[in-house]
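Below: the structure, in C-alpha cells.
Predicted model only: the values in this text are computed from it and were never measured. The chains referred to below are lettered A, B, ... by the order of the sequence lines, with proteins before strands, and numbering in each begins at 1.
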2 protein chains.
Amino acid sequence: MEAPYDLWYWPSIQGRGEFVRLFLAAADIGWRDRAREGDAQALVEDMEHRAKNGFAPYAPPYLVERETGFAIAQVAHIVTWLAEKHGRTTGDTATDLHLIQLQLTITDIVAEVHAVHHPIASSLYYDDQKDAAKTAAEKFRSERIPKYFDHYERALGVKDGPFMAGESWSHVDTSLFQLVEGLRYAFPQRMAAIEPGYPRLVACRDAVAGIEGIARYLDSERRIAFNEDGIFRHYPELDAA
Amino acid sequence: MEAPYDLWYWPSIQGRGEFVRLFLAAADIGWRDRAREGDAQALVEDMEHRAKNGFAPYAPPYLVERETGFAIAQVAHIVTWLAEKHGRTTGDTATDLHLIQLQLTITDIVAEVHAVHHPIASSLYYDDQKDAAKTAAEKFRSERIPKYFDHYERALGVKDGPFMAGESWSHVDTSLFQLVEGLRYAFPQRMAAIEPGYPRLVACRDAVAGIEGIARYLDSERRIAFNEDGIFRHYPELDAA
C-alpha cells in the first residue's frame with residue numbers, strides 16, 4: 001500500500017498512537033511507523049530536530065504528510081484533520097462539530113486512564129504510587145467509567161445505525177473501539193460487569209471491528225499487544241467488578 | 001453590548017469557562033453568563049435537558065449560539081470554532097492548525113494543574129489526598145511547568161511579535177495569559193523563580209493584558225477572583241521556589 005504519511009510514536013506500545021493507526025486502517029490510508037523502523041532514539045532526535053525548526057509537536061504521536069513535510073500533533077487534532085482531508089466527515093457542520101467534541105472527550109478519558117496507574121507523577125514508578133493508584137482505580141471504576149459510558153451510550157442513540165453519525169463510521173467510532181478494547185484489557189472484571197448496560201457502545205465496538213481495513217489491521221503484525229508500558233495496563237490489583 | 005452567546009459554566013469559579021470568556025472579551029463579542037444569572041442548579045438542569053435532546057456536552061463549559069440554539073463544548077473546540085467564525089484565524093492553514101495544536105496542549109496542562117491538588121480522585125476532598133498532592137506538586141513544579149513553558153517559549157519565537165502568530169493575537173494567546181495568571185496565583189514562589197527564563201511567554205501575557213477588550217474585562221465585576229474551588233488553587237504547602 002502507498003504510504004502518504006509518517007507516524008511518529010513510541011515504538012513498543014499502542015499508546016495514543018493507536019487511535020491514529022485505527023483511523024488510517026479503517027480509511028485504507030497507508031502509513032509508515034517511523035520509530036518502529038528505527039527505535040525510540042530516532043523519535044527523540046526527530047522531535048528535537050523539529051523543535052529547532054519552527055512550530056513543533058509537544059509530544060508524540062505526530063503525523064507527517066510526506067509530500068509537504070507538514071507535521072500535526074494531538075490525537076483529536078490529527079484524526080479530525082485526516083477526516084476532513086479524506087472525506088470522512090458527514091457534510092453536516094453541526095454533526096461534524098459534535099463528532100470533534102466527542103473525540104475531545106475521549107482525549108480526556110484517555111488521560112484519566114493513564115492517571116489511574118500514575119496518579120502522582122508520570123515520572124515516578126508505578127510501585128512507588130501503588131497505594132494511591134488503588135484508590136484512584138476504585139474511583140475510576142465506580143464513578144468515571146459509568147459517567148463517560150453513559151455519555152457515549154446516549155450519544156450513540158441520537159442517530160440510527162451502529163456508528164455515532166449513523167450508518168457510516170467516523171473518527172469517534174474508531175476511537176471508541178480502542179477505548180473499549182483498552183478498558184477490557186485493563187479492567188476485565190469491571191468491564192464484564194458493566195458492559196451489559198451499554199449495548200450501543202458494544203455494538204459500535206463490534207461494528208468497527210467489522211470494518212474491512214480494521215479487521216485486516218487487527219490481524220496483522222502491526223497491531224502490537226497491549227502491555228504494561230502503555231496507557232491501558234492490566235494490574236490485577238486495580239481491577240474489580 | 002449585544003450578546004449573541006450564552007456561556008454555561010459553574011457560577012462561582014473562573015475554571016475552564018474563563019478561557020472562553022477571555023477570547024470573547026478580547027474579540028469584543030458579547031455573552032451572557034447564564035448560570036450566574038441563576039445558580040449551579042440552573043446549569044445542571046440545562047445540561048440534563050440537553051442530554052435528553054440529542055448530542056450534548058459531557059461537561060461545562062459550553063457555549064450556545066442564541067440565534068440557532070447550537071451548543072458547543074470543550075474549551076479548545078469552542079475557542080477555535082469562535083476564531084473561525086469571527087475572523088480571528090491567520091488565513092494560513094498550517095499556522096491555524098498549529099494554533100489549534102498549541103491550544104490542545106494548554107488543555108493538557110490545565111488538566112494536570114487540577115490533578116496536582118486532586119491527584120487521586122476529583123470526587124475526594126483535598127484534605128484526604130494532601131500527601132499525594134504534595135508529591136504531585138513537587139513533580140509538577142520541577143518537571144512539568146518547565147517542560148510546557150519550554151515548549152511555548154520556543155513556539156513564541158517562531159514569528160516576530162508578542163503573540164504566537166506574530167502581531168495579531170489568537171485564541172492561543174488569551175489562553176496562555178490565563179495559564180500564566182493561574183500559575184502565578186497557585187504557585188507564586190515557583191513562578192517568581194522561573195519566569196525570568198521565559199521572556200517571550202511573559203511578554204505575550206503582558207500583550208494580552210493590553211488588549212482593550214481584555215483590559216476592560218479584567219477591570220469589570222465579571223472577572224471573579226481565583227479561589228480554592230477552581231482549577232488554579234493556592235495551597236501554600238504545594239508551592240516552593
Exercise. Please state whether the side chain, the backbone, both or neither of B/Ala76 comes within less than 4.5 Å of a heavy atom of chain A.
Key: neither
Self-check item: Contacts with chain B made by residues 126-137 of chain A (heavy-atom distance under 4.5 Å), listed by residue number
Solution: A/Ala132, A/Thr135, A/Ala136
Practice problem: Tell me, out of B/Gly157, B/Ala73, B/Pro119, who's got the most heavy-atom pairs with chain A below 4.5 Å. | Solution: B/Ala73
Practice problem: Specify the closest pair of heavy atoms between B/His151 and A/Ala56, including all atoms of both residues, with the distance to one decimal. | Solution: CE1-O, 3.2 Å
Quiz item: Can you name the residues of residues 103-117 of chain A that have some heavy atom under 4.5 Å away from a heavy atom in chain B?
Solution: A/Leu104, A/Thr105, A/Asp108
Quiz item: With a cut-off of 6.0 Å (strictly less than), are more than 12 heavy atoms of other residues, nucleotides or ligands near CD of A/Glu237?
Solution: yes
Quiz item: What is the ring orientation for B/Tyr148 with A/Tyr58, classed by angle as parallel under 30°, tilted 30 to 60°, or perpendicular over 60°?
Solution: parallel
Quiz item: Given a strict heavy-atom distance threshold of 4.5 Å, which part of B/Ile78 is in contact with chain A: side chain, backbone, both, or neither?
Solution: neither
Quiz item: Is it the case that more than 12 heavy atoms not belonging to B/Glu84 sit under 6.0 Å from its CD atom?
Solution: no
Quiz prompt | Interatomic spacing from NE2 in A/His98 to NE2 in B/His77 - rounded to 0.5 Å | solution = 8.0 Å
Quiz item: In terms of heavy-atom proximity below 4.5 Å to chain A, should B/Lys147 be classed as side chain, backbone, both, or neither?
Solution: both
Quiz item: At their closest point, which heavy atom of A/Phe70 faces which heavy atom of B/Leu97, and how far apart are they?
Solution: CZ-CD1, 3.5 Å
Practice problem: Please determine, among B/Ile72, B/Ile100, B/Leu102, the option with the most heavy-atom pairs under 4.5 Å with chain A. | Solution: B/Ile100
Self-check item: Heavy-atom pair of closest approach, residues B/Glu143 and A/Ser123
Solution: OE1-OG, 2.6 Å
Quiz item: When only pairs under 4.5 Å are counted, which of A/Ala51, A/Gly54, A/Ala121 shares the most heavy-atom pairs with chain B?
Solution: A/Ala51
Self-check item: Heavy-atom neighbours of A/Asn53 CG exceed 12 at 6.0 Å
Solution: yes
Practice problem: Please name the pair of heavy atoms, one in B/Arg144 and one in A/Ser122, separated by the smallest distance, quoted to 0.1 Å. | Solution: NH1-OG, 4.4 Å
Quiz item: Is it the backbone or the side chain of B/Gln101 that comes under 4.5 Å from a heavy atom of chain A, or both, or neither?
Solution: both
